[in-house]
Amino acid sequence: MTEFENNVNTEKKQERIDRPFVSPAVIRRLPRYFRYLRELLREGKTRISSGELSARMQVTASQIRQDLNCFGGFGQQGYGYNVSYLYSKISDLLGVSMGLQAIIVGAGDLGRALVRSTMFEKRGLDIVALFDIDPELIGKEFGGVKVYDMRELEEFCQTHPVDMAVLTLPKEKAEEESARLLSLGVEGFWNFTGKELSHLPKSAVVENVHLGDSLMSLNYELCRRKGEKDKKRIKE
């Protein structure tokens, strides 16, 4: 490793050390700030008040000020927030500039769709490999990313830094493969399997994605509204 690479790694480690701890509720809202601020930059907006940002995000202005004060005073009273500066700071807080690397485990329909998405690149995450057991997929490339045999997982992780695994494999394999990945030094898991990874220790960072839950929440709201409309018709 060159002296330059050593210096870069040292700076990245220092960024991780200096990262403030805030409540999970605030962290959950930060990606929304990230998205809306990016839209403002595209529109050429240079400054915005908490009130204007509140109207766009449907979050109270006081909540916005409280959230951003967790990381220091980014705004000035009567002057608002510098959009570019705030976007840059939130990007740093969310690790966009950290150069994190990820693999996708499971090169089925969902895995291939994700690797073709620009979502990772926009958020500073580099997908470096896909893994699967299907001989029809191994060796092929999707979105410019090669599919490796699952039997090559240990060797790959020993020679490539992998921060995160995106799990799109069958749910019955989720526990076994996530434990295997953790033993190889992978600490982050974006889990689409539908299986809660409750067996992993607290040292692992897990984000479970249940697409069906989101769909059922939408179903509930649609049914509730239809019920309200039916009540109105009956009264009329």
Side-chain angles (χ1 to χ4, degrees), residues 4-48 50 52-53 56-57 59 63-75 80-105 110-111 113-130 142-145 157 160-168 181 185-192 203-209:
F4 172 76
E5 289 173 324
N6 274 323
N7 289 337
V8 170
N9 286 336
T10 300
E11 289 175 4
K12 287 182 178 179
K13 287 178 182 177
Q14 190 61 46
E15 284 181 35
R16 291 197 290 266
I17 292 169
D18 294 340
R19 197 168 300 274
F21 177 82
V22 295
S23 73
V26 176
I27 293 298
R28 291 283 181 186
R29 286 192 288 271
L30 282 186
R32 291 193 67 213
Y33 290 115
F34 176 82
R35 284 190 289 108
Y36 280 94
L37 288 165
R38 187 172 59 201
E39 290 176 7
L40 290 167
L41 286 173
R42 287 175 184 161
E43 295 170 10
K45 188 90 170 177
T46 57
R47 298 203 169 274
I48 191 166
S50 57
E52 291 174 305
L53 195 54
R56 283 181 177 249
M57 294 183 60
V59 177
Q63 182 68 72
I64 289 172
R65 290 191 292 269
Q66 287 175 30
D67 286 349
L68 299 181
N69 281 340
C70 291
F71 309 100
F74 292 147
Y81 297 101
N82 181 306
V83 174
S84 179
Y85 176 74
L86 186 55
Y87 177 76
S88 175
K89 294 300 291 184
I90 288 179
S91 295
D92 287 344
L93 289 165
L94 291 173
V96 174
S97 60
M98 290 295 294
L100 298 177
Q101 296 192 349
I103 59 175
I104 296 178
V105 182
L110 179 56
L114 288 172
V115 80
R116 291 187 177 109
S117 170
T118 60
M119 167 182 57
F120 296 101
E121 182 182 357
K122 289 177 179 177
R123 288 156 180 81
L125 196 67
D126 188 18
I127 302 296
V128 294
L130 284 152
F142 300 96
V145 180
C157 290
H160 297 78
V162 178
D163 302 290
M164 179 192 303
V166 182
L167 303 180
T168 58
L181 286 157
V186 180
E187 296 181 335
F189 297 88
W190 200 21
N191 177 27
F192 286 86
S203 59
V205 183
V206 181
E207 187 71 23
N208 295 302
V209 182

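Keep in mind the model is a prediction, meaning the values are calculated, not measured.
A 6.0 Å sphere centred on CD of E187 holds no more than 12 heavy atoms belonging to other residues, nucleotides or ligands.
When the ring pair (Phe, Tyr, Trp, His ring centres under 6.0 Å) test is applied to Y36, no partner is found at least two apart in sequence or on another chain. For F34, the ring pair (Phe, Tyr, Trp, His ring centres under 6.0 Å) partners are Y87, not counting sequence neighbours. With sequence neighbours left out, the side chain to side chain contact (heavy atoms under 4.5 Å, CB included) criterion links A102 to L125, I127, M164. With sequence neighbours left out, A113 forms a side chain to side chain contact (heavy atoms under 4.5 Å, CB included) with no residue at all. Every residue meeting the side chain to side chain donor-acceptor pair (under 3.5 Å) condition with E43, not counting sequence neighbours, appears here in chain and number order: R56. By the side chain to side chain contact (heavy atoms under 4.5 Å, CB included) test, S84 is found to be paired with L41, N82, residues two or more places apart in sequence or in another chain being considered. With sequence neighbours excluded, no residue forms a side chain to side chain donor-acceptor pair (under 3.5 Å) with D126. When the salt bridge (Lys or Arg N to Asp or Glu O under 4.0 Å) test is applied to K45, the partners found at least two apart in sequence or on another chain are E52.
Atom OG of S50 sits about 12.0 Å away from atom CD of Q63, to the nearest 0.5 Å. The distance from the CG atom of L40 to the OG1 atom of T46 is 10.0 Å, given to the nearest 0.5 Å. In this structure, OG1 on T118 lies 13.5 Å from CZ on R116, to the nearest 0.5 angstrom. With rounding to the nearest 0.5 Å, the separation of CZ in F142 from CG in L114 is 13.5 Å.
No donor-acceptor distance shorter than 3.5 angstrom exists from the side chain of D163 to the backbone of L100, with no hydrogens or angles considered.
Evaluation of the salt bridge (charged side-chain N to carboxylate O under 4.0 Å, His left out) test over residues 25-35, restricted to residues two or more places apart or in two chains, returns R28-E207, R29-D67.
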